[in-house]
Structures are given as structure tokens and as C-alpha cells.
Asks: 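Let me give you the structure first, and then I'll get to my questions.
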Amino acid sequence: MGGTVIWFRRDLRLADHAVVERACQLGPVLPLFILDNDLLFHPETAVARVAFLLESLRALDGELRRKGGRLLVRRGEPAQVLLQLVQASGADRVMAHTDAERIVGRVRDHRVNRLLARHRIPISWIEPAGATGQLLSYSDWRRHWHGAMASPLASEPQRVEVPPPCPALADQPVPSLADLGLLGDGKALPPAGSAAASHWLDQFCEGPAARSYFWELSYPAAKVTSGLSPYLKFGVISPRQCLRRLAPLGGHSDRRLQRSAVQLASRLRWAAAISQRFRYLPQLELQSLWTPFDQEPWPFDEELYAAWREGRTGFPIVDAAARCLAAEGGWRELNFRSRAIYASFLANLCGMDWRYGALHFMRHLIDGDCPIDHYQWAMQAGVTHRGSRAWTRIYHPGQVAVERCDPQGLFIRRWLPELASLTNDQLGAPPPMADYPRPVLDYERARRQRLEALAARRSPQTSALESMARLAENLTPFGHQRFPEAVVGWAQQRDAGLFPAAVDLDALQGPQRADLLSWFVIQGPGRQASPPSNTRRRRSKPEAPGQLSLDLSL
């Protein structure tokens, strides 16, 4: 055959795909996806997310076949599968995007590099647009990201040339959940494929949501979310494609459209920035940013944790979020405000380790992305801040939250039908009812205890860099012991190196230290964090030549 094995991972599209573009320019290609038990049975894997992945693979195979190609889907240890297919097909090389979402993926890619190098098989790693392996300051990375987003889309091939089927390269159908040994949980899935992703984006840009997104995103019942998160998670559509579609709205005469477009664009950049943090510090998947927050265990109550997971806390807006997550996987109705209130309740009012919450979310979210999920959980728990003046956002889960986020009670009544007969002013603190539990805690007391506990751990005893968590020798995922089916042997191998590698905190010097610290809210003399301000910020100037007309600098 010659040609290239294209190893698809979190980039299940043909448009704006640098690996596809370059590989097809070189000649025949062998598109490949590998189902890896280390990921399928990771303790944070959601069955519904796997189901959406499988549907996305079927859609990608259909796109390839319409261009004369096909997608090979194999199950096995990725390094061995790649070696066997390269040898069977006579391919010249393997090409793939780098993937820094999870530690298990970095261990996998290290094994791949090592095995292919042993057999003198070249592998080319290409950075996704906006990502970088360089240690840049946050401001420099922003300029890099803006430049990448403003650059032309990678071209989509008109035809895909693949080798003819043979026993080693025979088509195999994309397996079902049952084939993989997984049991579905009944969540409805978004329609799969790039056409569906484009439809959701068009629907957002052309429909009423685009005029309300900026102003109503904090209201769970408004249903103004874009619906793009599952597609972005698996790379069915790229951020750059989204920004191209949003750009006309940024210059629209309707200010509502302008504000909503900029808001969605800024969220795309925000998500990329969190992923870049994990590129530098993969330990954030397992630990808090600052070591004092993990030195002593937080209290844990199994019954309280179960009540929070199952929507039995006695606080309706929290319980509605719990039931919405469990029923739908969060991709449409569980917006960022609902997630924040739900998360803050466990970490701040129940006082539990944020990692228990991140674990539960990732086992349900169809759009679950590890860096976004884990870093947001840590932020809501207040453990990304250090120093005496660090602030903590603790949401009031009672009537205050109802009036601010669900004043008509639409979200609460949808997910808690037993409260349908209550008036809106009762939904924050329902009267005693036979079929709804009493509150599991006292808000004021729990809030005071949490602030005291955080203050005791926030006082910096060492410099910021010295207090940062180091990558532990034991890479075993948090909470794995709760799930007997979890596969974690990959984390316990003695030679479990990482690719891409983590930043070596102890080797950083001068400017490099400053560059890394610029990514985080650092407390210290003359540099204190402040609570969010309601004052209007001045509009920033464009950051990069050729920046999109849509102002991404806000």
C-alpha cells in the first residue's frame, strides 16, 4: 500500500483536520479508530458518552465512504494494533493529533512511540489548532490561539484513496455497547456526525437562542445553550469551524446577536485554555493545584454523597440538577449555572473532596471533557486559590438561587414533579411533604464551616511554585475502587511514561516560572485575587494580526 495510517482519536471529522489534509496529500490512507479497554473501562467513563462515540464513528465511516474511503475500527491495545496494521498494509507512517486530555491517553501514546520506534515505523504528531507543546505565558498563548483560529481551515479531501480490503484490513462493523460489554443507561443521544453538528450550529445562529444566549444562559429553563458540547468533545466539529460561522453575528447590527456570538466565542477560548493548562500539568486530573488542599482528607459521608447524587438533598434546585444529569447526560438542559450550583453544594456545603463530584459528573456527562470538568470542579470548590484574600463563590441553594436562576420554577417542576403544586416562592424551601425530603444541612452553618476550612489551608507557607502539586508516581484514577469493573492496570506499570510529557516544575528557571504561574491565580504580596466585579470592562484591542472580525478578546 504505502501511504499513511490516520489514527483518529478525539477528532472525528474530515473538515478542518490537519492530519487528514496532510496524509491525503501524501497518497493512500488507512483511516483507523482503536477502541481501547483502558478508556472504555476507565472509572470516569460514561456509558452514554461511549454510545455517542460509537454513533459518531458510524457517521465518520459514512462520510469516508461517500469519498471513496472507509474507517477501520479495531479493539485492542493501541500500540499493538498500530504495529500489526502498519505491517499488514505496508504503510509508510502513522499520523495523529496529539491528545493531552487524560493521563491514560498520555501513557498510551508513550507506549505507541516506544513500540513503533523499536520497529522503525515513523509516527508524526500534529498539534490541534491553537494547542502548543511550548511553555508560553497565558498572554502569549492567547495571541497564539487567536492566530490559529484566524488562519485558514485545513482543506477537506474531495476523494479518499484507501487500499482494497484484505483479511488483515477487512471491514468490521462498529460494535454496539453490548459487544463491548457495556450496559446502556437509557439516555437519549444527540444525532451524530458533522452534518448534525453543523445543523446545531446553524440552528443556534439563526434561531431565537442567539438573541438570548448572552442574557439568559444563567437560566436553566431558558434552553439557550448551543448544543455543541458533545460534538466539540469528540472533535466532530472544530472550534475554528464554529468561529467561522459565528463571525457574521459579531458584526451584525443587532447588538443581542453580537453579544451572544462573542460570549460563545469566549467560551471556546476558555475551554482551549483549560486544556492547555492540563497539557502543562496533567496532575490536575488527579490532584488539586495546590498541595495543601490534598494534604489532609476532607470529610466524607457516604449517605450524604448518595443523597446528592440521587437528588434527595431537600434543596429543589440542587435535586433538579441531579436528576437532569442522571436522565439526560447534561448536554442540553444542564447549563453552566446549574452545574455550578450542583457542584458547589457538594464541595462547599457538604464539605467533600471535589474529586468525588468530578467523578460522578464524568460518569454521566455525554459532553464530559476531563480538563473542563475537573478544573471547573476545583474552581467551584475554591481550591484553585491560595492566600488569605482568596475568595470563594458559594451558591445559596434555597430561594435565592430559585429567584436568580429559575424564578418561574420551570426547571425545578420539570425534574421534580412532586413539587408541581407549590407556588414559586415555596420552591426554595418547600414545606414538609411526604414525598420530598427535608434539607440535609443548614446553609449558613455549612457555609461558615467551609470558609473556615478553606482559610486554614489557603495561607501560603511556601512559594507558589513550591506549593504546586507534582505529578505523583501512582497515576491510578481517583475513586477507581468504587467500581469493580474499572481497568487501571495501565497506571500501575513501572514504565508508564507520558507523551506529551508534563512540565518539570523543579527544572523551571526565571522566565519559565513566570510563564507557568501566569496561567493561574497566584496569591502573594502585591498580587491578590479579587471577587468578580460588576463594573464594565473596557473593550480590549485586537490581539493578533488577521484576527477574525468577531472580537474574541473579551
Asks: For the side chain of R269 and the backbone of R142, is there at least one donor-acceptor N/O pair under 3.5 Å apart?
Replies: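 Side chain of R269 to backbone of R142: no pair is present.
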Asks: Taking the side chain from Q172 and the backbone from L72, do they hold a donor-acceptor pair closer than 3.5 Å?
Replies: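 Side chain of Q172 to backbone of L72: no pair is present.
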Asks: What orientation do Y231 and W331 show, parallel under 30°, tilted 30 to 60°, or perpendicular over 60°?
Replies: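 Judged by the thresholds at 30° and 60°, the geometry between Y231 and W331 is perpendicular.
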Asks: Sort out for me which residue in F300, F345, W298 forms a ring-ring contact (aromatic ring centres under 6.0 Å, His included) with Y305.
Replies: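 Among F300, F345, W298, the one that satisfies the ring-ring contact (aromatic ring centres under 6.0 Å, His included) with Y305 is F300.
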Asks: Is there side-chain contact between L30 and P163, with heavy atoms separated by less than 4.5 Å?
Replies: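 Yes - at least one pair of side-chain heavy atoms lies under 4.5 Å apart.
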Asks: What residues form a side-chain contact (heavy atoms from CB on, under 4.5 Å) with D504, not counting sequence neighbours?
Replies: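 Per chain and number, D504 pairs via side-chain contact (heavy atoms from CB on, under 4.5 Å) with D506, A507.
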Asks: Search all heavy atoms of L441 against all heavy atoms of A446 and return the closest pair with its distance.
Replies: CD1-CB, 4.2 Å
Asks: Quick check: closest heavy atoms across C242 and L268, and the distance to 0.1 Å?
Replies: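 Taking every non-hydrogen atom into account, CB-CD1, 3.9 Å.
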Asks: I'd like to know if R106 pairs up with E285 as an ion pair, taking the criterion as any Lys NZ or Arg NE/NH1/NH2 lying under 4.0 Å from an Asp or Glu carboxylate oxygen.
Replies: no
Asks: Before accepting this row, confirm whether a basic side-chain N of the pair D373/R339 lies closer than 4.0 Å to the acidic partner's carboxylate O.
Replies: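 No.
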Asks: Between R393 and S344 (side chain of the first, backbone of the second, donor and acceptor by atom type, cut-off under 3.5 Å), is there such a pair?
Replies: no
Asks: Applying salt bridge (charged side-chain N to carboxylate O under 4.0 Å, His left out), name anything that partners R108, two or more places apart in sequence or on another chain.
Replies: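 R108 satisfies salt bridge (charged side-chain N to carboxylate O under 4.0 Å, His left out) with D99 only.
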Asks: Are R102 and E44 close enough for a salt bridge, meaning some N to O gap below 4.0 Å?
Replies: yes
Asks: Would you sort out whether T132 and W145 count as a side chain to side chain donor-acceptor pair (under 3.5 Å), showing the intermediate values?
Replies: CA-CA 9 Å; T132 178; W145 187 85; over 6 Å; no
Asks: Distance-only, no hydrogens or angles: does the R93 side chain make a donor-acceptor pair with backbone N or O of I123 under 3.5 Å?
Replies: no
Asks: For the pair E77 and R111, find out whether any cationic side-chain nitrogen is under 4.0 Å from an anionic carboxylate oxygen.
Replies: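 R111 and E77: salt-bridged.
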Asks: Decide, yes or no, whether a salt bridge links K233 with E101 under the criterion of side-chain N to carboxylate O below 4.0 Å.
Replies: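 The answer is yes: the pair qualifies as a salt bridge.
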Asks: Pairs under 3.5 angstrom only: tabulate donor-acceptor contacts from the side chains of residues 476-484 to other protein residues two or more places apart or in another chain.
Replies:
| unit_1 | atom_1 | unit_2 | atom_2 | d |
| --- | --- | --- | --- | --- |
| T476 | OG1 | N474 | OD1 | 2.5 |
| R482 | NH1 | E302 | OE1 | 3.3 |
| R482 | NH2 | E302 | OE2 | 2.7 |

Asks: Hey, does the side chain of Q492 reach the backbone of G489 with a donor-acceptor pair shorter than 3.5 angstrom?
Replies: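 Side chain of Q492 to backbone of G489, a donor-acceptor pair under 3.5 Å: no, none is there.
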Asks: Going by an N to O cut-off under 4.0 Å, is there a salt bridge joining D367 and R332?
Replies: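 Answer for the salt bridge query: no.
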Asks: Is E485 salt-bridged to R363, cutoff N-O under 4.0 Å?
Replies: yes
Asks: Can you tell which of F336, F361, F315 makes a ring-ring contact (aromatic ring centres under 6.0 Å, His included) with Y342?
Replies: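 In the set F336, F361, F315, the residue that makes a ring-ring contact (aromatic ring centres under 6.0 Å, His included) with Y342 is F361.
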Asks: Assess whether a salt bridge exists between R10 and D369, defined as any Lys/Arg side-chain N lying under 4.0 Å from an Asp/Glu carboxylate O.
Replies: yes
Asks: Is it the case that the side chain of D11 and the backbone of G235 share a donor-acceptor pair, with hydrogens and angles ignored and the cut-off at 3.5 Å?
Replies: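 Here the side-chain-to-backbone pair does not exist.
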